Amino acid sequence: MKRSLWTLLLTLLLAPAYGHEAKSSATNSAYDQPLRPQFHFTARTGWLNDPNGLVFYQGEYHLFFQHNPFGTQWGNMTWGHAISKDMVHWQQISNALFPDSLGDMFSGSAVVDWHNDSGFKSGSNSPMVIFYTAAGGQGEKSKGKKFTQCLAYSTDGRNFQKFEGNPIIANRGGGDRDPKVFWHQASHHWIMVLFVDEARADKKRVNTVQFFSSTDLKEWHFESKLDDYFECPDFFELPVAGKPNLKKWTLFAADGNYTLGEFDGHEFKADGPKHRGDFGPNFYAAQTYSDTPDNRRILVGWMRGGKYPNMPFNQQMAFPCELTLTNTLNGVVLVKAPVTEIRRIYTDEFKWKNVNLKEGKSISSTNRIADIDVELDPEAGSIVKLVCNGEPITLDSNGRLGCKGATITLKPASSHRLRVLVDVTSIEIYAENGRSVLSACYLPAEGQYGISLSALGTAHLKQMTIHGLASIWE
Ligand code: FRU
């Protein structure tokens, strides 16, 4: 009782900071700390983890997120909320879902219920329907309760109503969580993919994803399950570029490693083994947007594990990227590209062509945050170093690409083209035309701002373009 009174008081005191503010210098000053990412989303204050409920609704991209409004460490799981018109500039608004007697608000997804299957429509707007896990037993209010799946809805994208019939799915195993819901056109059902850590007969716990179907979003029927997928599943179908009439389903969980296959509305059948999703140390719990214009499949990950000493916030999201499928000699693979809207924050541009890099000769720019496109060919035995705010990215003549202790061995090629997004505390490297990505967080070396390219040995720089970026908070 005492604790909930304090929580209420604190919520009231903090309310203005989380309100619907217009952009103002007062708001922006909240984003000007030395370790504040300048084009990656962070909570204004407090802890952030998984992206939740990614949905395009009434002209806005909604980014809900796992949030601790009361501290910079994980806890008090609440759905934070931000909106954007372009997935680049974000405005954090009032928190959307708060812990209740069923549990703390763990991860989930959102859809637009275009045909009002749920019956939550009021006025002329189709409802946004949100699925989340009530993590029973995680907070004082839900002591003794188990993890269950719940529903909330909104008809304005600002006010959220929890369904009085919650929970919609009872506990099935233990820490069941992270419902991902989408409309499956071919079977005319809504489908939910849920992580369930199932207890088997021998008491062994097995990480499974389980598929459910529904016609009204409230009542769900078990369809099938698959072993060896952990929390935060996502599942969607995409056309294969260059192969008319060929589509594939992609299934992944929090580690981002993905499987391609077929789905008939009941069961997923994998074509082959999992592919690596991200090679870096800081990419986790990614989710894709629902209901995007032009059916773009946009992914946002959590850059888990970065350090932000003495900052009022903790953790950041990855920059949104668009997913497509392409056919290669080794079969169909997933391709990622930063959303093209990044061009909206391009500032200055520097270009180089056909430069022979040697020891002692480097190329540099003073940009602290940048979008770099570079094509390199290190000569035998040489290593190219691209240093961003003191943090090195290396590429050797055997195609080994490294950053923050992680490595991608690139397929042999006459040259390697990399796209590198550099923010104050993160580096995202897109290699092999987006087939291999390495996401890493770093702490900038004080006083070593800017970008420089050099070689240990010799290397040919075919071309490099550096676009400086503007802060999204300005
Ligand atoms: C993944 C995760 C989810 C859970 C949430 C809790 O990072 O563990 O499975 O819903 O975080 O914050």
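All ligand and atom numbering here is 1-based and tracks the order in the structure. None of these values were measured; they are calculated from a predicted model.
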* To do: Could you pull out every protein residue that has a heavy atom closer than 4.0 Å to ligand 1, ordered by chain and then number?
  =>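 Contacts of ligand 1 under 4.0 Å: N49, D50, Q66, W74, M77, F106, S107, R177, D178, E231, C232, Y284, W302.
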Distance-only criterion, 3.5 Å: show the donor-acceptor pairs between side-chain atoms of residues 403-410 and protein atoms not counting sequence neighbours.
none

* Single hit among N207, D255, T259 for side-chain hydrogen bond (donor to acceptor under 3.5 Å, both in side chains) with Y229 -> T259
* Asked: Among pairs that include at least one residue of residues 432-445, which meet salt bridge (charged side-chain N to carboxylate O under 4.0 Å, His left out), considering only residues two or more places apart or in two chains?
  ->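 Passing the test, one end in residues 432-445: K411-E432.
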* Residues that D234 engages under salt bridge (Lys or Arg N to Asp or Glu O under 4.0 Å), provided they are two or more places apart -> K180
* To do: Look at R158 together with E60 and state whether they make a salt bridge at an N to O cut-off of under 4.0 Å.
  => yes
* Does a side-chain N-to-carboxylate-O contact under 4.0 Å join D227 and R200? ->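 R200 and D227: salt-bridged.
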